[in-house]
Amino acid sequence: MKITLVTVGKIKEKYFEDAITEYSKRLSRYCKLEIIQVADEKTPDGASPALEDQIKEKEGERILSKIRPDAYVIALAIQGQMLDSEQLAGKLEKLGVGGVSQIVFVIGGSLGLSQAVLSRSDYQLSFSKMTFPHQLMRVVLLEQIYRSYRIISHEPYHK
């Protein structure tokens, strides 16, 4: 299985980079992992809703250009469905058994995802009703994918 993360913006803090590197290494025994970063747009203070939509659309176009037509897309969105770790593991396992060869997780920028990206997604996943920095969300997502593979493989992982 190939797992791809398409994310908006760069990682700026070394401690996030270190955590991403660690989980990427751990995941290498379970799947082929690819992380694609697309450029974010600068959002001026006091941006109008129309300008915010334009920014999301530009970022959305960059995201969509990185997604293959046959990929199964899971968009991280506050309005998505919340799953526990076992349910996420079950979803990933079911997709793999069902013949899906690539799952693309999409993490938007500071304004979220464009409607075009949400429409392209096959599933919308929420980790919380709260908003998280996209850099931290990348680490949390990788940890949960790793936890999912440990669950699927019936391997111990501290709870």
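Only a predicted model underlies this, so the values are computations on that prediction, with no experimental measurement involved. This chain uses plain numbering: 1 for the first residue, then up along the sequence.
At a threshold of 4.5 Å between non-hydrogen side-chain atoms, the residues Val106 and Ser121 do not count as touching. For the pair Ile145/Ile103, no side-chain contact is recorded, criterion being any heavy-atom separation below 4.5 Å from C-beta on. Between Leu92 and Tyr30, every side-chain heavy-atom pair lies at or beyond the 4.5 Å cut-off. In this structure, the side chains of Tyr149 and Arg29 stay at 4.5 Å or more apart for every pair of heavy atoms. Between Leu27 and Ile3 there is no side-chain heavy-atom pair separated by less than 4.5 Å.
Linking ILVMFWY side-chain heavy atoms closer than 4.5 Å, directly or via other members, places Phe16 and Leu76 in a single hydrophobic cluster. Under a hydrophobic-cluster definition in which Ile, Leu, Val, Met, Phe, Trp and Tyr are linked whenever side-chain heavy atoms come within less than 4.5 Å, directly or via other members, Leu88 and Ile152 are assigned to the same cluster. Criterion: ILVMFWY side-chain heavy atoms under 4.5 Å apart, direct or through other members. Under it, Val140 and Ile74 are part of a common hydrophobic cluster. If you chain together hydrophobic residues whose side chains sit under 4.5 Å apart, Ile63 and Ile78 never meet in one group. By the rule that hydrophobic residues join a cluster once side-chain heavy atoms approach within less than 4.5 Å of another member, Tyr146 and Leu33 end up as members of one cluster.
Around the NZ atom of Lys129, the shell of radius 6.0 Å holds more than 12 heavy atoms that belong to other residues, nucleotides or ligands.
With values rounded to the nearest 0.5 angstrom, Glu57 atom CD is found 4.5 Å from Ser114 atom OG. A distance of 11.5 Å separates OG1 of Thr7 from NZ of Lys66, quoted to the nearest 0.5 Å. Tyr23 OH to Arg147 CZ: the interatomic distance, rounded to the nearest 0.5 Å, is 7.5 Å. Distance check, rounded to the nearest 0.5 Å: OG of Ser85 to CD1 of Ile151 gives 5.5 Å. The distance from atom CG of Leu142 to atom CE of Met137, rounded to the nearest 0.5 Å, is 9.5 Å. Expressed to the nearest 0.5 Å, how far CG of Asp18 lies from CD1 of Ile11 amounts to 11.0 Å.
Within the structure, side-chain hydrogen bond (donor to acceptor under 3.5 Å, both in side chains) contacts touching residues 34-43 (residues at least two apart or in different chains) are Lys2-Glu34, Thr4-Glu34, Gln37-Arg138, Glu41-Arg62. Within the structure, side-chain hydrogen bond (donor to acceptor under 3.5 Å, both in side chains) pairs that include any residue of residues 89-101 comprise Tyr72-Lys91 (at least two apart or interchain).
Between the Ser153 side chain and the Glu155 main chain, no donor and acceptor come within less than 3.5 Å of each other. In terms of modelled atom types and a separation under 3.5 Å, the side chain of His134 and the main chain of Val8 share a donor-acceptor contact. In this structure, the side chain of Gln87 engages the main chain of Asp84 through a donor-acceptor pair within 3.5 Å. Side-chain N or O atoms of Ser119 include none that pairs as donor or acceptor with a backbone N or O of Ala116 at under 3.5 Å.
Side-chain N/O atoms of Ser126 and Gln79 include no donor and acceptor closer than 3.5 Å.
Between Pro44 and Ile55, the shortest heavy-atom distance links the atoms CD-CD1, 4.3 Å. When all heavy atoms of Arg120 and Pro69 are compared, the closest pair comes out as NH2-O, 3.3 Å.
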- Task: Start with the C-alpha gap between Glu52 and Lys56, add the side-chain angles, then the distance that decides, and say whether salt bridge (Lys or Arg N to Asp or Glu O under 4.0 Å) holds.
- Result: CA-CA 6 Å; Glu52 287 185 354; Lys56 286 195 293 189; over 6 Å; no
- Task: Might you work through the salt bridge (Lys or Arg N to Asp or Glu O under 4.0 Å) test for Lys25 and Glu22, ending with a clear yes or no?
- Result: CA-CA 5 Å; Lys25 185 176 78 176; Glu22 177 62 27; 3.6 Å; yes
